[in-house]
Amino acid sequence: MFSEFYYTLKAKGLDVSLSEWLTLMDALDQGLCESSLTKFYYVARMILVKSETDFDKFDMAFDEHFKGIQSDDEVTFRMLRWLDKEDMKKMVENEERLWIHNSEDLQIDKEDVEQKFRQRMKDQDSEHNGGSFWIGTMGKTSFGNTGGMTGGIRVGGASGYQSAFEVIGARKYQDFRDDKMLDNRQFQMAFRRLRQFSTKLDIPKTELDLDETINKTCNNGGYLQIVMGKPRKNAVKLMLLMDSGGTMIPYSKLLNELFQAVDKSNHFKDVQCYYFHNCIYSKLYKTPECENGDWIDTDWAFRNYDSDYKVIIVGDAAMAPEELYSDTGNYRGPNGGLPGWDWLRLVKRHYKKVIWLNPKMAPGNAPWREAETAIKGLFPMYRLSVDGLNQGMVKLMQNKD
């Protein structure tokens with residue numbers, strides 16, 4: 001059984017070395033887990049997982065391999081499907097809850113709740129919504145989610161009163177993953193890596209230079225000598241080009257998070273955001289609706305945004321080959337006499353630093369994704385995940401190609 005667990009971990013993408021695995025076996029031989037599956041979970045995670053970014057992968061591997069072992073608090077995937085419903089989540093988000101938490105008023109027998117929960121787990125064989133007995137949603141029992149009872153055990157779902165003394169079925173570490181899709185905060189954290197300051201500006205010396213002040217004071221026998229310097233100004237100029245519509249519709253929320261993160265950022269000297277549909281052609285759109293006429297000429301962008309702009313292109317590169325290679329491939333707007341491939345080459349020729357972020361990038365060179373494979377040969381392409389974005393930021397900051 002344990003050797004199979006090793007291969008399950010590897011299949012989930014965990015880098016488990018042989019020495020780490022032998023250390024876990026030695027821990028078992030010494031009885032550190034005391035025949036407890038829970039203790040084995042923590043001991044194994046402590047030995048085998050090197051970073052919190054892999055906690056979620058470990059949890060999925062553990063659940064997949066040991067799901068057949070009965071446990072008093074085991075929650076099946078079937079029950080979580082009963083409980084985790086999008087309409088219930090929206091109800092929790094939108095409903096204004098007027099509830100004041102006073103722990104002295106909560107008379108909860110924790111052991112009694114846990115005992116009843118275990119019994120319901122054994123007896124329940126169908127989905128329940130409302131009511132005051134089974135595990136379900138919007139009910140009055142002490143277990144389930146989005147119900148009206150304060151205290152108890154939340155199983156799946158979203159937090160409402162935030163009074164549960166236990167939460168079961170939650171993947172607590174999925175936000176730590178470095179291969180997950182991003183949110184606003186993660187975008188902003190990544191963009192901080194692009195910060196680059198310049199002191200070569202011809203401006204007055206109005207900022208205290210602390211390091212030089214300390215050096216001059218020390219060299220002056222301890223008598224304070226103030227040294228002023230020029231303020232550092234952000235020197236990075238960023239152009240963000242985002243694919244909008246069509247196959248990118250499922251990623252609209254993600255693109256909005258990306259735009260908001262860039263818009264709120266103060267890490268850049270200048271930021272320009274434009275949109276395209278499937279591929280870059282002779283026009284760049286000002287809004288994600290990509291409406292005819294609401295655009296600028298791509299040539300105009302080349303003339304007005306110099307080669308020092310760092311360019312981030314975001315798209316799934318899922319266009320048909322004719323959209324990429326034909327000079328009439330743009331069915332939504334003008335081509336400007338050139339195929340999309342030539343416009344992409346002009347972008348690469350004009351700007352020194354360009355990367356492509358893809359929310360559903362195929363591994364390697366997928367022959368069934370001809371356009372994506374071609375674009376990978378033109379621009380460095382990274383998956384739009386935490387790890388991929390960080391790799392892209394490093395690439396943009398490199399002095400060499």
Side-chain angles (χ1 to χ4, degrees), residues 51-53 175-203 207 209-211 229-243 251 254-276 280 284 298 301-302 304-317 344-359 361 363 372 375-401:
S51 169
E52 67 273 8
T53 60
D175 286 340
F176 288 85
R177 293 181 66 122
D178 58 7
D179 59 349
K180 74 181 290 289
M181 290 300 179
L182 298 121
D183 57 25
N184 193 293
R185 179 179 179 276
Q186 290 164 326
F187 278 126
Q188 291 191 47
M189 292 295 291
F191 285 139
R192 287 183 185 178
R193 304 188 67 171
L194 271 181
R195 280 186 298 184
Q196 188 179 68
F197 295 103
S198 175
T199 56
K200 298 179 180 179
L201 305 174
D202 188 18
I203 54 179
E207 188 175 272
D209 188 330
L210 185 59
D211 290 338
K230 296 178 181 179
R232 298 192 304 167
K233 298 293 183 181
N234 291 328
V236 170
K237 295 178 287 186
L238 177 68
M239 183 184 295
L240 181 64
L241 305 176
M242 293 181 283
D243 188 358
Y251 306 101
L254 182 67
L255 294 186
N256 182 59
E257 295 280 4
L258 176 58
F259 175 81
Q260 294 296 330
V262 171
D263 188 56
K264 294 176 182 177
S265 177
N266 59 359
H267 307 317
F268 308 115
K269 180 179 180 180
D270 186 46
V271 175
Q272 299 295 330
C273 294
Y274 293 100
Y275 301 86
F276 61 93
I280 295 172
L284 294 173
T298 305
F302 292 157
N304 288 272
Y305 306 132
D306 60 47
S307 61
D308 288 335
Y309 275 80
K310 299 182 187 297
V311 180
I312 300 176
I313 305 174
V314 184
D316 59 5
L344 293 178
R345 291 175 63 189
L346 287 172
V347 171
K348 181 178 177 64
R349 182 186 306 171
H350 184 75
Y351 296 105
K352 301 175 183 177
K353 295 294 180 180
V354 185
I355 63 169
W356 190 296
L357 299 176
N358 191 330
M361 184 176 71
E372 178 184 301
I375 292 171
K376 282 179 180 176
L378 191 61
F379 302 114
M381 183 179 289
Y382 305 94
R383 185 168 178 81
L384 190 51
S385 63
V386 178
D387 187 50
L389 182 60
N390 286 333
Q391 291 180 45
M393 297 304 102
V394 171
K395 183 66 177 179
L396 287 178
M397 294 307 298
Q398 287 177 350
N399 292 325
K400 297 181 180 180
D401 293 333

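Atom set for the values below is all heavy atoms of this structure, side chains included, hydrogens, waters and symmetry mates excluded.
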NZ (K352) and CG (L396) are apart, to the nearest 0.5 Å, by 13.5 Å
| side-chain contact (heavy atoms from CB on, under 4.5 Å) between M393 and I312: does it pass, once the steps are laid out? | CA-CA 9 Å; M393 297 304 102; I312 300 176; 3.8 Å; yes
Looking only at heavy atoms, the pair that brings M381 and E372 closest together is SD-CG, 3.9 Å
Nearest heavy-atom contact between Y351 and D306 is CE2-O, 3.2 Å
Under a 3.5 Å distance rule, please check whether K353 uses its side chain to pair with a backbone N or O of Q398 as donor and acceptor. yes
Look only at the side chain of Y274 and the backbone of T298, and say whether a donor-acceptor pair between them is shorter than 3.5 Å.
no
When rounded to the nearest 0.5 Å, the distance separating NZ of K269 from CG of D308 is 8.5 Å
Rounding to 0.5 Å, atoms CD1 (I313) and CD1 (I375) come to a distance of 8.0 Å
Scan side-chain atoms only and decide if D270 and Y309 contain a donor-acceptor pair under the 3.5 Å cut-off.
yes
Here the gap from D243 atom CG to I280 atom CD1, rounded to the nearest 0.5 Å, amounts to 9.0 Å
When rounded to the nearest 0.5 Å, the distance separating NZ of K310 from NZ of K237 is 10.5 Å
For this session: Mind running side-chain contact (heavy atoms from CB on, under 4.5 Å) on L240 and V271 for me, showing each step along the way?
Result: CA-CA 8 Å; L240 181 64; V271 175; 5.6 Å; no
So OH of Y305 and CD of Q272: to nearest 0.5 Å the spacing works out to 3.5 Å
On a heavy-atom basis, the closest approach of F276 and V314 is CZ-O, 3.8 Å
#### Entry: Exam field: side chain K395 to backbone I355, donor-acceptor pair closer than 3.5 Å
no
Checklist entry - Judged by atom type as modelled, is there a donor-acceptor pair below 3.5 Å linking the side chain of W356 to the main-chain atoms of G315? => result yes
message = Has N358 got a side-chain atom pairing as donor or acceptor with Y382's backbone, closer than 3.5 angstrom?
response = no
Query raised in the report: Any sub-3.5 Å donor-acceptor pair from H350's side-chain atoms to A301's backbone N or O?
Result: no
